[in-house]
Amino acid sequence: MPEGHTLHRVAAELRDRFAGRIVTSSSPQGQFILGAARVDAHRLVDVDAWGKHVLVRFDGVGEQVHVHLGLFGRWTFTVSEDVVPVVGEVRWRLLSESVVAELRGPAACELLSPREVAALLARLGPDPLRDDADPDEAWHRISASRAPLATLLMDQAVVAGIGNVYRAEVLFRHRLQPDLPGRELARSTWDAIWADLVNLMRDGVRSGQIDTVRPEHMPLAMGREPRDDAHGGEVYVYRRSGMPCLVCGTIVRTKAVAGRNLFWCPQCQGADRLTG
DNA sequence: ATCCGATGTCAAT
DNA sequence: TTGACCTCGGATC
């Protein structure tokens with residue numbers, strides 16, 4: 001679930017349902033008792049997503065609530081008519097009239113002072129989902145780095161919001177060797193990658209899933225129809241190790257890069273230097 | 001009933 | 001590079 005598109009979606013839903021309203025705030029699970037109490041009975045002003053981080057502002061409260069889902073966290077929204085099974089522990093619950101938002105399993109749910117918010121934002125690279133993002137900032141880091149693209153793309157200080165799926169898929173879509181050093185990337189290729197990320201991630205916000213296989217790329221020769229993967233939309237390589245590449249039929253490979261499983265097609269993505 | 005992996009990140013080594 | 005942390009659901013016994 002949680003790459004940048006998920007969090008922008010969450011921010012939009014929180015904004016739509018709660019902005020401008022007085023909310024009841026609590027921490028049933030207990031780990032956010034003080035923070036939840038601090039904003040309880042205040043008016044929720046607005047919600048912002050920056051990469052994978054969500055910040056919630058309240059009227060008359062100097063701090064903002066910072067939420068990061070990590071790998072496991074999730075938000076659920078329910079209205080009073082909904083019948084929803086009780087699952088797990090709720091770190092933070094927001095209630096306004098008939099709407100309830102519940103946060104479970106986040107890596108972070110905390111109050112941040114304005115100074116801390118500024119520090120958080122300062123260490124994030126441009127977010128393809130924000131209109132104010134400047135892809136040049138990412139380019140400066142990439143073009144100065146010997147690190148492999150597959151590592152750079154996962155670095156939130158380079159580009160904020162990319163996760164393991166977008167990383168693998170965007171490398172495939174641009175036929176790039178995952179271990180190509182950043183400094184060897186052509187500027188024109190970076191521009192194309194950025195433009196692609198903007199489109200793919202906006203699409204992800206719209207649909208709520210990551211879907212990177214476009215009809216014009218579907219190889220008719222494979223005789224396959226697009227189908228939903230267990231983890232969401234149709235993808236070229238993510239979690240498809242051992243299966244034939246949708247474009248050329250070569251077996252998709254996997255290897256841990258930057259602590260996560262990277263998936264790539266050794267044929268489509270250039271000379272196979274990533275053999276380890 | 002139990003195991004294991006997961007669209008994440010940080011600190012410690 | 002590894003371990004720790006957050007939690008759930010699907011696979012496996």
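Each chain gets a letter, A, B and so on, in the order its sequence line appears, and its residues count up from 1. Quick caveat, the model's predicted, so the values are computed rather than measured.
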Under 4.0 Å between a side-chain N/O of [X] and OP1 or OP2 of [N], yes or no?
{"X": "A:Gln156", "N": "B:dT9", "result": "yes"}
{"X": "A:Arg260", "N": "B:dT7", "result": "yes"}
{"X": "A:His68", "N": "B:dG8", "result": "no"}
{"X": "A:Tyr238", "N": "B:dT7", "result": "yes"}
{"X": "A:Lys52", "N": "B:dT7", "result": "no"}

Inset, instruction - Report the nucleotide, chosen from C:dG9, B:dC10, B:dG8, that has the shortest atom-to-atom distance to any side-chain atom of A:Arg123. - result: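 In terms of side-chain proximity for A:Arg123, the closest of C:dG9, B:dC10, B:dG8 is B:dC10.
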Please tabulate, one pair per line, all N/O donor-acceptor pairs under 3.5 Å involving side-chain atoms of residues 157-165 of chain A, not counting sequence neighbours.
from, atom 1, to, atom 2, distance (Å)
A:Asn164, OD1, A:Arg167, NE, 3.3
A:Asn164, OD1, A:Arg167, NH2, 2.9
A:Asn164, ND2, A:Asn261, O, 2.9

Nearest-angstrom distance from the residue atom [atom1] of [X] to [atom2] of [N]:
{"X": "A:Leu197", "N": "B:dT7", "atom1": "CG", "atom2": "P", "value": "17 Å"}
{"X": "A:Asn261", "N": "B:dG5", "atom1": "CG", "atom2": "C1'", "value": "9 Å"}
{"X": "A:Glu110", "N": "B:dC10", "atom1": "CD", "atom2": "P", "value": "11 Å"}
{"X": "A:Arg74", "N": "B:dG8", "atom1": "CZ", "atom2": "P", "value": "15 Å"}
{"X": "A:Leu120", "N": "B:dG8", "atom1": "CG", "atom2": "P", "value": "16 Å"}
{"X": "A:Leu200", "N": "B:dT7", "atom1": "CG", "atom2": "P", "value": "18 Å"}
{"X": "A:Glu89", "N": "C:dC8", "atom1": "CD", "atom2": "C1'", "value": "13 Å"}
{"X": "A:Leu124", "N": "B:dG8", "atom1": "CG", "atom2": "P", "value": "14 Å"}

Inset, instruction - With the side chain counted from C-beta on, respond yes when A:Phe32 and A:Val65 share a heavy-atom pair under 4.5 Å apart, and no when they do not. - result: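 Yes, side chains in contact.
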Inset, instruction - Would you mind reporting whether A:Glu110 and A:Val67 have side-chain heavy atoms less than 4.5 Å apart? - result: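 The answer is no; the side chains never approach within 4.5 Å.
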Work out how far the [atom1] atom of [N] is from that of [M], and round it to whole angstrom.
{"N": "C:dG9", "M": "B:dT9", "atom1": "C1'", "answer": "22 Å"}
{"N": "C:dC6", "M": "B:dA1", "atom1": "C1'", "answer": "23 Å"}
{"N": "C:dC8", "M": "B:dC10", "atom1": "C1'", "answer": "22 Å"}
{"N": "C:dG3", "M": "B:dC4", "atom1": "P", "answer": "15 Å"}
{"N": "B:dT7", "M": "C:dT1", "atom1": "C1'", "answer": "22 Å"}

Inset, instruction - With sequence neighbours excluded, tell me which residues meet ring-ring contact (aromatic ring centres under 6.0 Å, His included) with A:His8. - result: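 Counting only residues at least two positions away or on another chain, A:His8 forms no ring-ring contact (aromatic ring centres under 6.0 Å, His included).
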Legend entry - Residues clustering with A:Leu112 (ILVMFWY side chains joined when closer than 4.5 Å, directly or via others):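 A:Leu112 shares its hydrophobic cluster with A:Trp50, A:Leu55, A:Val117, A:Leu120, A:Leu121, A:Leu124.
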What's touching nucleotides 1-6 of chain C from the protein side, N or O pairs under 3.5 Å?
from, atom 1, to, atom 2, distance (Å)
C:dC6, O3', A:Arg91, NH2, 3.4

Inset, instruction - Would you check if the side chain of A:Arg9 reaches a backbone N or O of A:Val205 as a donor-acceptor pair within less than 3.5 Å? - result: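 Checking the backbone N and O of A:Val205 against the side chain of A:Arg9, a donor-acceptor pair under 3.5 Å is found.
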Inset, instruction - Would you list the pairs meeting salt bridge (Lys or Arg N to Asp or Glu O under 4.0 Å) in which at least one residue belongs to residues 185-204 of chain A, sequence neighbours left out? - result: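 Residue pairs passing salt bridge (Lys or Arg N to Asp or Glu O under 4.0 Å), neighbours aside: A:Asp131-A:Arg202, A:Asp136-A:Arg187, A:Arg173-A:Asp196, A:Arg187-A:Asp191, A:Asp203-A:Arg206.
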Legend entry - A:Glu137: side chain to side chain donor-acceptor pair (under 3.5 Å) partners, not counting sequence neighbours: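 Partners of A:Glu137 under the side chain to side chain donor-acceptor pair (under 3.5 Å) test: none.
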